[in-house]
Structure formats: C-alpha cells, structure tokens
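Chain letters run A, B, ... following the sequence lines, proteins first, then strands; residues in each count from 1. Just so it is clear, the structure is predicted and the values come from calculations on it, not from any experiment.
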2 protein chains.
Amino acid sequence: MTSTRTRPAKPPLSRASIVAAALTLVDETGYAATTMRRVAQAVDTGPASLYVYVADREELMAEVYDLALADVTLPDEGDGDWRARIKLLAGRVIATLGSHDDLALVAITRVRTGRHALRIMEETLRLLRAGGISDAVCPWAADLIDQHITSSALERAARARAGGTREAVGAELDAVFEALPAGAYPTIHALRPSMTTTGDLAAQATWKLRVLIDGLLVAPGGA
Amino acid sequence: MTSTRTRPAKPPLSRASIVAAALTLVDETGYAATTMRRVAQAVDTGPASLYVYVADREELMAEVYDLALADVTLPDEGDGDWRARIKLLAGRVIATLGSHDDLALVAITRVRTGRHALRIMEETLRLLRAGGISDAVCPWAADLIDQHITSSALERAARARAGGTREAVGAELDAVFEALPAGAYPTIHALRPSMTTTGDLAAQATWKLRVLIDGLLVAPGGA
DNA sequence: ACCTGAACACCGTTCAAGT
DNA sequence: ACCTGAACACCGTTCAAGT
C-alpha cells in the first residue's frame, strides 16, 4: 500500500475511454440522447475537451459503432456451408447492432471503415466467393446483405424500444387496418389476421434471410 | 380589377400549405436542415404557430413523406406479370423517396399510415397474393420489400448528396481498400477492381430487386 | 503545449399574454 | 377563440484565455 487514496484516480481521458463511455450511454439512454455534452459528463470533463480526441459527434459515433461490432464472432467450419454461415453471420450482426438502440443509423450516414466492419465485410465476401458468386456480383451481394442488416437492426431496436408496449403498438396498427374501408384496401383487409400477428419474429427473420441468400442463386452471376 | 393590391394576399395558414412548404424545403436545403423554425419562416409566421396545425416535427415529416409518395404511379396490366410489376413499383418508390434527400428516414422512426403509403402497401400485397405467395408470408414479403425500399432510397439520397464529388468518394474508398493489408483482407483486396467501380448503378439496382423478388419463390410459402 | 470556460448560433416546444 | 412573442431547456462546435 504505497497510496493512501481511498478512491482510485479517474483514468486519464483517452479516445478509447470516451468511445466506451459513449457506448454505455447509448445503451442506457439511447442513441439520440447520447450527446457530446452527456458523454463529456460521463467522463467527467467539459464538452470542449472531447474535441481533442474526436473530430465531431459523427466520428465518435462511427467509433462507437465499430466497438459494438467487436462482439460479433465469425461462424466457423462447424456452422455449415457458405449459405448457412452467411445467414448466421448476418443474424449475429443484426442482433448485436439491434441491441444498441439506433446505433445502426451510423451505417446510413457513413462509409464504415472500422476494423470490425472490415473484418465482417471480408468474411462476407469470402463466403460469397466460396459459394461461387461471380466476382462482379460479390460486392453487390455484400451491399444488399449490408442494407438488410442495417434496416433489420433498426427495426429490432424500434421493437425493443416499444418494449412492454409491444402489444399496444400491434393493437394500434391493427385498429388502423380495421378502420380501413374494405373496398379500397381489400388485400390489407383480407390479410389482417396475418398482418399484425407478428407471430414468431425469429421465424420471420430467418425467412427474410433465406429469401435474400437463397435468392442470390437465382439471379445472374449466382452460381 | 376589384382590388388595388399589387401583391396577392398570402394564402392563409393551413396544414396542407405547411406540409407543402416543408417538402420544398427538404428538396432545397435537405431533411436535417428542414427545422420547424425554417418551415415557419417559409410560410411567413413564427415557429409557435405551426403547432396549431401539427403536433410536432415528427408528425409534420410523416405528412411530408406521404405527400412525396403521391407522385408514385402504380404499374398497370401493360407492365408485365406480378414480379415485373412489383419490381417496377419498388423501383419507382425508391426513385421518388431517394429524390427528397433523407426523407426516407421517416420510415425508420414511424409506422406510416398515410394515404399513399397504404395505397402502395395494398398494391404490393395484392401483387404478392396474385403471384401465389401464401397469406401467412405476404406480410413478411411486403415488409422485406419495404425495408429494401427505405435503405435503397437512403443510399440513393446519400449518392445524390455526394453529387459532383462522386468520383472523390469512390476514390477515397478505393484508397482505403488499397491501404488494407492484403494478408488480412485477401478477398477485399482481390475484388478491389469491382468494389469501387459501382459501374452501372441501374444494373445493380435491378439485380438487387431480382434477388429479392425472385428469391420469394425459393423460400417456403413462395409458390 | 495542452486544456477548457464561456460563448455562439442554433434547436423543438411551451405558454402566458395579447388581439 | 385564435394566434404568437418570448422564454425554456437544450444542442454541436469554437476559441480566447488560462495553466
């Protein structure tokens, strides 16, 4: 015991500690509420000090995004063929991003060049190529999968945010559909039982990935 | 000439005129820059006055979103079978939304129950059903298509925003890929020629829709 | 040389006070 | 009854002035 301090010195400010604090804040208070001022508060400094380590909020959030992706493990040989592995990988990214509120919004406004984003992109392309998808089409396919991941993560985050009110949201939407004139919207009316009964969300997610990945084989450049 | 006024009286404030002014502002200055204060300025009043006609910015933007969709024409009998028509419809919605900056962001934070959104949803479901997609799966397919429309519109808006700097963006990304160690990212490295050469954007968009729609037939509940 | 208090130029929304 | 000026509680970012 060379020190008599009863509380540890707070860690010195650094880019990594700021990014980590921001991710925690995203989880605790949401993406929109994670402001530069609140992040500064979380690391016990003033907002101006953050700008020594990050250029702006967008850059900070891009770092937070990539930190979140660090949790994604790549599928391995035991996980099946290339299609099964791509589906598994995409599912994992959706689950991970979707658990951090609207963090996936970063993908909409930013080209992501972070370490983990690249790691996942490399593996996606590798699997596509292993599956015989032509070189010209691989980037298109990866982009399509990435679009699906982003929108699905945001959908999942919205659902998580609704949380306990999930039934309320479903009921509200069902009420909208019920109120629609059956003459003008016959199909919505007829499908109403299946429209709101989101039923098995996992089955729906799996089905979507199947359409996307198995659909690669029917498009030109597919096999 | 019963009036001697040299300038017409400005139209009285109304929900419709506010929404129309907001859409114009989105086109001229962008989605994020379309603030309540600027919309108020455009209709020659103070920001507080808007709240007589709309509950908040989110509701206003939902109205703007639906107004934009008014421009989308549904395909007709001459446009081919159900798959061709769904692709055509989706393509039109993507083109329309994508031409109004990030207006498609509305779809991420909101359940859209506007007149035109419902009109398009009804037609999508009708075509899916006409194609023999099972009732249980139709809502899933419509949702998948809707996700694709939203993310593609946002991608297109981002590209339009880059505008003249398109080559610069591509070159920047290519530089990132080139700088990657070929050892750690062999596939990205190998595919680099095809990665940035976005080549024919229209062909890519068509290819994606083909994967999605033709993929419906290979998934369970498809035919 | 490094850090930051205070300020700048904005936001969305509310509500008391006017007409 | 309807409308709105002024205020409230925030933002992201900058920079002069400190240590």
Side-chain angles (χ1 to χ4, degrees), chain A residues 9-65 67 100-103 105-110 158 161, chain B residues 9-65 67 100-103 105-110 158 161:
Chain A
K10 68 178 190 198
L13 219 49
S14 70
R15 184 174 240 253
S17 66
I18 291 169
V19 171
L23 180 56
T24 302
L25 222 44
V26 166
D27 293 343
E28 287 174 353
T29 68
Y31 179 78
T34 302
T35 65
M36 296 301 273
R37 297 172 112 99
R38 285 209 238 243
V39 172
Q41 214 175 356
V43 294
D44 223 341
T45 185
S49 303
L50 300 180
Y51 290 86
V52 177
Y53 302 93
V54 295
D56 51 27
R57 183 179 190 265
E58 191 186 316
E59 188 190 287
L60 172 56
M61 286 309 188
E63 286 283 327
V64 173
Y65 179 96
L67 176 58
H100 298 288
D101 195 57
D102 285 342
L103 189 55
L105 281 175
V106 168
I108 284 168
T109 37
R110 263 249 171 185
R161 212 164 28 229
Chain B
K10 71 177 189 201
L13 219 51
S14 70
R15 185 175 239 251
S17 66
I18 291 169
V19 171
L23 180 55
T24 302
L25 223 44
V26 167
D27 293 343
E28 287 174 353
T29 68
Y31 179 80
T34 302
T35 64
M36 295 302 272
R37 298 173 113 99
R38 284 208 239 244
V39 172
Q41 214 174 358
V43 295
D44 223 340
T45 185
S49 303
L50 301 180
Y51 291 86
V52 176
Y53 301 93
V54 295
D56 51 27
R57 183 178 190 266
E58 192 187 316
E59 188 190 285
L60 171 57
M61 286 309 189
E63 286 283 327
V64 173
Y65 179 95
L67 176 58
H100 298 288
D101 195 57
D102 286 342
L103 189 54
L105 280 175
V106 168
I108 284 167
T109 37
R110 264 251 171 183
R161 211 163 28 231

D/dC3 and C/dC15: how far apart are their C1' atoms, nearest whole angstrom?
-> 12 Å

Closest of C/dG5, D/dC3, D/dT13 to the A/Ala48 side chain is C/dG5

Rounded distance (Å) that lies between atom P of C/dT4 and atom CG of A/Leu13 = 7 Å

Euclidean distance, B/Leu67 CG relative to B/His100 NE2, rounded to 0.5 Å = 8.0 Å

Hey, is the side chain of B/Thr45 poking within less than 4.0 Å of OP1 or OP2 on D/dT4, counting only N and O atoms?
-> yes

On DNA chain C, nearest-nucleotide positions of A/Arg37 versus A/Val52: which is more 5'?
-> A/Val52

Roughly, in whole Å, what's the span from CG in A/Asp44 to C1' in C/dG5?
-> 16 Å

With sequence neighbours left out, write down each residue that passes salt bridge (Lys or Arg N to Asp or Glu O under 4.0 Å) with B/Arg57, or none if nothing qualifies.
-> none

Calculate the interatomic distance between A/Arg38 atom CZ and D/dG12 atom P; express it in whole Å.
-> 9 Å

In this structure, CD1 of A/Ile18 is separated from CG of A/Leu60 (nearest 0.5 Å) by 7.5 Å

Is C/dA1 paired to anything, Watson-Crick or G-U wobble with both distances less than 3.5 Å, and if yes, which nucleotide?
-> D/dT19

Atom CD of A/Glu59 and atom P of D/dT13 are separated, to the nearest Å, by 10 Å

A/Thr45 side chain to A/Gln41 main-chain N or O, any donor-acceptor pair under 3.5 Å?
-> no

Among the nucleotides C/dC11, D/dT13, D/dC3, which one has an atom lying closest to any side-chain atom of B/Tyr53?
-> D/dC3

Protein-nucleotide distance (A/Met36, atom CE; C/dA7, atom P), rounded to Å | 21 Å

Could you state the interatomic distance from CG (B/Asp101) to CG (B/Leu25), rounded to the nearest 0.5 Å?
-> 11.0 Å

Can you tell me how far P of D/dC11 sits from CD of A/Gln41, to the nearest Å?
-> 9 Å

Picking from C/dT4, D/dG12, D/dC3, the nucleotide nearest the side-chain atoms of A/Ser49 would be C/dT4

Opposite nucleotide pairing with D/dT13, Watson-Crick or G-U, both atom distances under 3.5 Å = C/dA7

Nearest-Å distance, OH (A/Tyr51) to P (C/dC3)?
-> 16 Å

From CG of B/Leu50 across to P of D/dT4 the rounded distance in Å is 10 Å

